[in-house]
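The residues of the chain are indexed from 1 along the displayed sequence.
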Amino acid sequence: MTRDEIASALRKLREEAGLTGETVARRAGMSPGKLSKVENGRTKPTVQDVDRILTAIGVFGEVKDEFLNAARIAATEEKAWRLYRRLGLPKHQAEIRAIEVFPARLIRVVGHSRA
């Protein structure tokens, strides 16, 4: 599950429980605006947000564990990609590609000059 899928599933669970956004937000200790942003995918929920929202809705047991695990995996993947971009690995890959292409160009130029 992506964080967006988690967010829409949280909204569905809340609606199926017959609870308003204000009620769940109050029980979860967050503003109704934040809950709305989470449910609509405008704000990515943290693992703690997911835990608090599920508790406020009254979801426990295996279902809650699955949601929390999915939220942890999504957060870990996003953190890994941010680190990957910050370290500049795509830049280094481009430099390596340029170096790999250089000998082929050099061979063509040297071969052309002999002809």
Side-chain angles (χ1 to χ4, degrees):
M1 257 196 222
T2 65
R3 283 194 185 195
D4 291 335
E5 292 169 335
I6 293 168
S8 63
L10 289 172
R11 176 183 214 123
K12 186 176 178 183
L13 286 170
R14 178 183 59 77
E15 290 171 347
E16 288 175 356
L19 298 170
T20 66
E22 285 188 18
T23 301
V24 171
R26 186 173 13 87
R27 289 180 184 176
M30 62 179 61
S31 72
K34 179 176 181 177
L35 178 63
S36 175
K37 287 178 183 177
V38 166
E39 288 183 345
N40 291 310
R42 290 189 309 260
T43 296
K44 297 184 185 212
T46 64
V47 175
Q48 293 79 15
D49 291 337
V50 173
D51 185 30
R52 291 172 23 203
I53 292 168
L54 290 172
T55 300
I57 295 171
V59 176
F60 299 99
E62 282 185 35
V63 174
K64 185 174 184 177
D65 292 341
E66 287 177 28
F67 269 90
L68 293 176
N69 189 42
R72 282 186 197 97
I73 290 169
T76 301
E77 288 175 357
E78 284 187 29
K79 189 177 281 187
W81 278 108
R82 276 196 309 270
L83 180 61
Y84 175 78
R85 285 191 299 269
R86 189 178 315 140
L87 291 175
L89 294 177
K91 177 184 165 194
H92 295 300
Q93 288 173 333
E95 291 171 354
I96 291 168
R97 268 194 303 281
I99 293 168
E100 288 174 344
V101 171
F102 180 74
R105 288 184 186 157
L106 184 61
I107 291 168
R108 277 188 294 227
V109 170
V110 171
H112 182 65
S113 64
R114 289 185 185 167

Within this structure, what is the CG-CG distance for the pair Leu10 and Asn40, rounded to the nearest 0.5 Å? 11.5 Å
What's the shortest heavy-atom distance between Ile57 and Leu13, and which atoms? CG2-O, 4.0 Å
So if you build clusters from Ile, Leu, Val, Met, Phe, Trp, Tyr with side-chain heavy-atom gaps below 4.5 Å, do Ile73 and Val63 land together? no
Over all atoms of both residues, closest heavy-atom pair of Val50 and Ala71: CG2-CB, 4.0 Å
Heavy atoms only: give me the nearest Arg52-Gly29 pair and the separation to one decimal. NH2-O, 3.1 Å
Would you mind checking if Asp51 and Lys64 are paired as a salt bridge, meaning a charged N to carboxylate O distance below 4.0 Å? yes
Are any of the side-chain heavy atoms of Pro32 and Arg26 separated by less than 4.5 Å? no
Taking only residues two or more places apart in sequence or in another chain, which ones pass side chain to side chain donor-acceptor pair (under 3.5 Å) with Ser31? none
Salt-bridged, Asp49 to Lys44, with N to O below 4.0 Å? no
What are the two closest non-hydrogen atoms of Ala56 and Val24, and how far apart are they? CB-O, 3.6 Å
Nearest heavy atoms of Val38 and Ala7, plus distance in Å: O-CB, 2.8 Å
Side-chain ion pair, Arg11 and Glu15, N-O less than 4.0 Å: yes
Side chain to side chain contact (heavy atoms under 4.5 Å, CB included) partner of Ile53, chosen from Met30, Arg14, Glu39: Met30
Is the closest side-chain donor-acceptor distance between Ser8 and Asp4 under 3.5 Å? no
Check the pair Phe60 / Thr55 against side chain to side chain contact (heavy atoms under 4.5 Å, CB included), numbers first and verdict last. CA-CA 7 Å; Phe60 299 99; Thr55 300; 4.2 Å; yes
Counting only heavy atoms not in Glu62, do more than 12 sit closer than 6.0 Å to its CD atom? no
Nearest heavy-atom neighbours spanning Gly21 and Leu35: O-CD2, 3.1 Å
If I take atom CD from residue Gln48 and atom CG from residue Leu68, how far apart are they, to the nearest 0.5 angstrom? 9.5 Å
Can you tell me how far CG of Leu54 sits from CD of Glu66, rounded to the nearest 0.5 angstrom? 11.0 Å
